[in-house]
There are 2 protein chains.
Amino acid sequence: MVMARPGKISEAVVRRLPLYLRVLDELAEAGQTKLLSSQELGERAGVTPALVRKDLAWFGEFGKQGVGYDVHYLRSELRRILHLDKEIRIALVGVGSLGMALARYHRRRYLIEPDFNLHIVALFDTDPRKIGEVVDGVPISSLGELPVLVDRLGIRMAMIAVPAEAAQGVADRLAAAGVKAILNFAPVKLKVPPGVHVATADLSGELQCLAYYLDR
Amino acid sequence: MVMARPGKISEAVVRRLPLYLRVLDELAEAGQTKLLSSQELGERAGVTPALVRKDLAWFGEFGKQGVGYDVHYLRSELRRILHLDKEIRIALVGVGSLGMALARYHRRRYLIEPDFNLHIVALFDTDPRKIGEVVDGVPISSLGELPVLVDRLGIRMAMIAVPAEAAQGVADRLAAAGVKAILNFAPVKLKVPPGVHVATADLSGELQCLAYYLDR
DNA sequence: TAGATTGTTAATCGATTAACAATC
DNA sequence: TAGATTGTTAATCGATTAACAATC
C-alpha cells in the first residue's frame, strides 16, 4: 500500500470525497453491490471516472485492476481519511430558528444512523431566556462556559448560526477555546488564526448566484 | 460601454459576484465610502485585485482609470447583472424545522431590508396537519397546488428542504411547473431538465469536508 | 489466457496572476 | 502634468481529461 502524502491535497479533491462517501453509504446500506468500478462510482457522484481514480490515488491504492473497488472497504477507507470513523464532537453557537433546525437535524441523524459520527454535544446562546433550555437532550449554555465545555467534552468543531454582526466575535472565542474547524452560516468572511479551518455556508449567497441564471 | 457577452461566463466568476455585492451593500449602508479600488474591494471580499477587475470586465466597464469604482453605481450594476434589481418570487417546499428556519430568515430579511428582493411567497408540505398553517404571513399549501400557485404568483425559484428520499420527486414537480432555479438542501444529486439550474447546499457534506482537516 | 479496470503519466483545458498600456 | 488605477493581454499555475501500461 502506497502511503498518503497529506498536506498537498487540494481542496477541490477533499470536497469530492463526501460525494463518493455518500454513494458508498447508499450502496452499503442497500447491500446489493459488493464491487464498484470508477465508472459507476463516477456516474452516481456526478464526476468522470478518471477523476474518481485520480482523487482516490492521492490517498493510496484502494482498487484491484480489472475488478474495481470493494464497496465496504473503500467506504471504510474514505471514512478513515475524512476522520469520520471516530466520533467528532461539535458545538453549535446561536440557537435561533436556523441553529435549532441544525441542532435537531444533526442530533436526529446521530441518534438514528449507527455510524453518523458528527455529534452535537453542546449548544450556546447569549439570550438569558434560552440558557438552560434543553433541545433534543442537549442544554443551551451561556457563551462564558465555552472554554470549559470545549475542554471537558472534547469539542473540536463548531457551527456558527448567529447574526452577522456577532459571528466574528464568536469565531474568536471558538478559536481561543481550541476549536479547529468552523462551519459558518453568517454572511461574513471570518478571520481566524492559522490552523483553524472555516467553511462558509452562505445560503443567501447561493440564492443570489442562482438568480443570475434566471433570464431577464 | 462594452456589451456583456453572457453565456460564456464561468460559474467560478458568478459565484464571486455575491461576495462583491455584499461588500458594496455594507459600504453603501455605511454611506462613508463613495469610491473603491479593486485593491480595497478585493481585500474585503477575500480575492486578489486582478481577479476583481477581470471578473467585472466580463460584464462591462464599471470603473474609471486612476479613480476606481463608484460604490453605488457598481452596486446597482451588480444587482442588475444578478437580476436582484427586481423581485424574485420563491417557493419553499418542506416546512420541517430547516424549512421553517429558512422561511423565517428570508421573510424577515425581505420585510426589513428595503431592497432584499428574494421573496418567499409560497410554502408547501405534504403533511395534512401543516397545510393551512400560516408562517410569517405565508400559508402552507399542499403540493397539488404547486402548478397553480407557481403560475399565479410568478414563482421562478424554489428551495427544497424535504427528506432526501422525497427531493427528486419534488424537483420533478417544480421543473414541470416551470421553476427555473432550485436551491436543494437534501443530500442528493438532483436530475433536472435542461434550462433548470440547481445548486446544492449540502450542510452535512460541508461538515464532512471540515472533518478532513482535523488532525487524527 | 483474454477481458476488464486500475493507477499513473502526459496532454489539455481553464482559471488565476502578473504586467502594462490606456486613460482618468 | 504626474500619479493612480482601470481594462486587457500574456504568463503561470493548477485541475481535469485522455491515454495506456500494469495487473488482477
Side-chain angles (χ1 to χ4, degrees), chain A residues 1-17 19-20 23-24 27 33-75 77-78 81 209 212, chain B residues 1-17 19-20 23-24 27 33-75 77-78 81 209 212:
Chain A
M1 211 253 264
V2 171
M3 211 45 223
R5 297 142 296 184
K8 314 188 286 189
I9 286 143
S10 87
E11 208 185 301
V13 174
V14 175
R15 293 192 65 79
R16 282 187 294 266
L17 300 183
L19 299 179
Y20 304 148
V23 171
L24 295 164
L27 293 177
T33 332
K34 280 263 170 298
L35 287 166
L36 190 69
S37 66
S38 59
Q39 172 76 45
E40 288 165 37
L41 176 47
E43 256 168 42
R44 289 173 183 263
V47 161
T48 62
L51 192 50
V52 170
R53 296 200 298 278
K54 196 148 209 305
D55 284 345
L56 297 177
W58 287 101
F59 302 97
E61 304 185 348
F62 304 112
K64 275 197 180 63
Q65 275 106 328
V67 180
Y69 300 92
D70 180 277
V71 169
H72 283 89
Y73 175 64
L74 182 56
R75 175 169 182 268
E77 286 297 288
L78 277 182
I81 289 163
C209 284
Y212 173 78
Chain B
M1 212 255 262
V2 170
M3 211 45 222
R5 297 142 297 184
K8 314 189 286 190
I9 285 143
S10 86
E11 206 184 303
V13 173
V14 175
R15 293 192 65 80
R16 283 188 293 267
L17 300 183
L19 299 179
Y20 304 149
V23 171
L24 295 164
L27 293 176
T33 331
K34 280 262 171 297
L35 287 166
L36 190 68
S37 65
S38 58
Q39 172 76 47
E40 289 165 37
L41 177 47
E43 256 168 41
R44 289 174 183 262
V47 161
T48 62
L51 191 50
V52 170
R53 296 200 297 278
K54 197 149 206 308
D55 284 345
L56 297 178
W58 286 102
F59 302 97
E61 303 186 347
F62 305 112
K64 275 198 181 60
Q65 275 107 327
V67 179
Y69 300 92
D70 180 276
V71 170
H72 284 89
Y73 175 64
L74 183 56
R75 174 169 181 269
E77 286 296 288
L78 277 181
I81 290 163
C209 283
Y212 172 78

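Protein chains get the first letters and strands the later ones, always in sequence-line order, with residue 1 at the start of each.
Between the CG atom of B/Leu74 and the P atom of D/dT6 there is a distance of 11 Å, given to the nearest Å. Separating the CD atom of A/Glu40 from the P atom of C/dA4 is a distance of 14 Å, rounded to the nearest angstrom. Between A/Leu35 atom CG and C/dG3 atom P the separation is 20 Å, expressed in whole Å. When rounded to the nearest whole Å, the span between CG of A/Leu41 and C1' of C/dA4 equals 17 Å. In this structure, CD of A/Gln65 is placed 10 Å from C1' of C/dT8, rounded to the nearest angstrom. Between A/Glu61 atom CD and D/dT23 atom P the separation is 9 Å, expressed in whole Å. The separation between A/Trp58 atom CH2 and C/dT8 atom P is 11 Å, rounded to whole Å. Between B/Leu51 atom CG and D/dT6 atom C1' there is a gap of 15 Å when expressed in whole angstrom units.
The residue among A/Arg16 and B/Gly68 whose nearest nucleotide of DNA chain D lies closer to the 5′ end is B/Gly68.
Using a 4.0 Å cut-off, some side-chain N or O of B/Ser10 falls inside it from OP1 or OP2 of C/dA15. Within the structure, a side-chain polar atom (N or O) of B/Ser38 is placed less than 4.0 Å from OP1 or OP2 of D/dT6. Considering only side-chain N and O atoms, A/Tyr69 lies under 4.0 angstrom from the phosphate OP1 or OP2 of C/dG7.
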Subject >> Watson-Crick and G-U pairing of DNA chain C, under 3.5 Å, as dot-bracket with | and [ ] >> reply: ..||||||||||||||||||||||
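In this structure, B/Arg53 and B/Tyr69 have side chains that are in contact, with non-hydrogen atoms separated by less than 4.5 Å. Using a 4.5 Å heavy-atom cutoff, the side chains of B/Arg16 and B/Val13 are in contact. Residues A/Leu36 and A/Leu74 are not in side-chain contact: their nearest non-hydrogen atoms beyond the backbone lie 4.5 Å or more apart. Using a 4.5 Å cut-off on side-chain heavy atoms (C-beta onward), A/Leu35 and A/Val67 make contact. A 4.5 Å side-chain heavy-atom check between B/Trp58 and B/Ile81 finds every atom pair outside the cut-off.
Scanning both residues, B/Tyr20 and B/Ala45, for their nearest heavy atoms gives CD2-CB, 3.9 Å.
In this structure, B/Tyr212 and A/Phe59 have perpendicular ring planes: the angle between them is above 60°, well past the 30° mark.
In this structure, B/Leu27 CG and B/His72 NE2 are separated by 9.5 Å, a value rounded to the nearest 0.5 Å. In this structure, OG in B/Ser38 is found 14.0 Å from NZ in B/Lys54, a value given to the nearest 0.5 Å.
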Are any protein N/O atoms closer than 3.5 Å to N/O atoms in nucleotides 18-20 of chain D? If there are, list each pair with its distance.
| from | atom 1 | to | atom 2 | distance (Å) |
| --- | --- | --- | --- | --- |
| D/dA19 | N6 | A/Arg53 | NH2 | 3.3 |

